[in-house]
Amino acid sequence: MQAKNISLWQTLTSASLIALIFLCLAWEGWLAPLRPGGSWLTLKAAVLLLPLFGVLRGRRYTYKWLSLLIQFYLLEGLVRASSERGAAQWLAAGETLLAMVVFVAAILYVRATRPAPPVQ
């Protein structure tokens with residue numbers, strides 16, 4: 001693929017991952033925590049910091065394992081969007097949407113940066 005597509009997928013993955021980190025922090029810290037005053041679920045945002053620097057640097061291996069990790073956030077968003085009400089339901093829908101964008105953009109980045117097969 002062209003270099004501009006690689007840059008697009010990297011930018012999209014990075015932006016949506018950063019947005020997901022802030023959404024998780026705000027959701028569990030202030031907007032609609034499970035317990036008043038915040039909950040330990042804010043630590044789920046800390047887990048997303050692990051792949052952040054590899055994604056920002058364009059490390060292909062990080063994109064590969066991020067595509068596996070992000071599925072837990074997608075699953076949590078789907079479960080909580082269908083079981084919660086009010087603001088938490090909308091935040092869960094936002095988490096689902098951002099996790100899907102991260103997943104698709106990461107997969108497309110991995111495909112775009114795949115090494116060319118050897119010429120025989």
Side-chain angles (χ1 to χ4, degrees):
M1 286 204 167
Q2 299 172 357
K4 72 174 189 176
N5 285 341
I6 293 171
S7 176
L8 171 69
W9 302 134
Q10 183 178 9
T11 303
L12 191 57
T13 305
S14 302
S16 54
L17 181 61
I18 291 168
L20 184 58
I21 291 169
F22 282 113
L23 175 74
C24 290
L25 283 174
W27 178 6
E28 299 300 342
W30 303 279
L31 298 176
L34 287 177
R35 299 176 192 270
S39 73
W40 282 95
L41 279 177
T42 54
L43 292 178
K44 70 182 179 184
V47 173
L48 292 174
L49 291 174
L50 296 174
L52 180 61
F53 296 106
V55 167
L56 292 173
R57 290 186 177 109
R59 294 193 175 140
R60 191 168 188 267
Y61 182 74
T62 305
Y63 280 81
K64 287 180 178 181
W65 66 263
L66 173 62
S67 69
L68 299 174
L69 173 70
I70 203 68
Q71 292 179 32
F72 290 107
Y73 292 84
L74 180 62
L75 179 65
E76 184 210 14
L78 289 170
V79 168
R80 291 184 72 179
S82 63
S83 64
E84 305 225 2
R85 298 289 172 247
Q89 186 177 31
W90 287 104
L91 292 165
E95 179 183 35
T96 301
L97 179 66
L98 286 171
M100 275 195 308
V101 171
V102 170
F103 178 73
V104 170
I107 293 297
L108 291 172
Y109 179 86
V110 169
R111 288 185 65 188
T113 57
R114 181 177 12 196
V119 178
Q120 295 180 356

Q. Stepwise, does the side-chain contact (heavy atoms from CB on, under 4.5 Å) test hold for Leu12 with Leu108?
A. CA-CA 10 Å; Leu12 191 57; Leu108 291 172; over 6 Å; no
Q. Hey, mind stepping through Leu69 and Val47 against side-chain contact (heavy atoms from CB on, under 4.5 Å) and telling me if it holds?
A. CA-CA 9 Å; Leu69 173 70; Val47 173; 4.2 Å; yes
Q | side-chain contact (heavy atoms from CB on, under 4.5 Å) assessment of Arg59 paired with Phe53 | A | CA-CA 9 Å; Arg59 294 193 175 140; Phe53 296 106; over 6 Å; no
Q. Between Leu56 and Leu52, is a side-chain contact (heavy atoms from CB on, under 4.5 Å) present by the stated rule, with each step listed?
A. CA-CA 6 Å; Leu56 292 173; Leu52 180 61; 4.0 Å; yes
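Residue pairs that meet the side chain to side chain donor-acceptor pair (under 3.5 Å) test with at least one member in residues 71-88, sequence neighbours left out, are Glu28-Arg80, Lys44-Glu76, Glu76-Arg80, Arg80-Glu84.
Linking Ile, Leu, Val, Met, Phe, Trp and Tyr whenever their side-chain heavy atoms come within less than 4.5 Å puts Trp65 and Val110 in one cluster. If you chain together hydrophobic residues whose side chains sit under 4.5 Å apart, Leu17 and Met100 never meet in one group. Under a hydrophobic-cluster definition in which Ile, Leu, Val, Met, Phe, Trp and Tyr are linked whenever side-chain heavy atoms come within less than 4.5 Å, directly or via other members, Leu74 and Leu98 are assigned to different clusters. Leu68 and Val102 are members of different hydrophobic clusters when ILVMFWY side chains are connected at heavy-atom separations under 4.5 Å. Following chains of ILVMFWY side-chain contacts shorter than 4.5 Å, one can reach Leu8 starting from Tyr63, so the two form part of one hydrophobic cluster.
Residues Gly77 and Thr96 share a closest heavy-atom pair of C-OG1, 3.0 Å. Heavy atoms only, all atoms of each residue included: Thr13 and Ala106 are closest at OG1-N, 3.4 Å. The minimum heavy-atom distance linking Ser14 with Val55 is given by the pair OG-CG1, 3.5 Å. Taking all atoms of both residues into account, the shortest heavy-atom contact from Ile107 to Ser67 is CD1-CB, 3.7 Å. Listed here is the closest heavy atom pair of Ala32 and Leu91: CB-CD1, 3.9 Å. In terms of heavy-atom proximity, Ala81 sits nearest to Ala92 at N-CB, 3.4 Å.
Under a 3.5 Å cut-off, the side chain of Thr62 and the backbone N or O of Pro51 do not form any donor-acceptor pair. No side-chain donor-acceptor contact under 3.5 Å links Glu95 to the backbone of Leu20. Between the Tyr109 side chain and the Arg60 main chain, no donor and acceptor come within less than 3.5 Å of each other.
A distance of 6.0 Å separates CD1 in Ile6 from OG1 in Thr113, rounded to the nearest 0.5 Å.
Residues meeting the side chain to side chain contact (heavy atoms under 4.5 Å, CB included) test with Leu75, sequence neighbours left out: Val79.
In this structure the side chain of Ile70 reaches within 4.5 angstrom of the side chain of Leu48, judged on heavy atoms.
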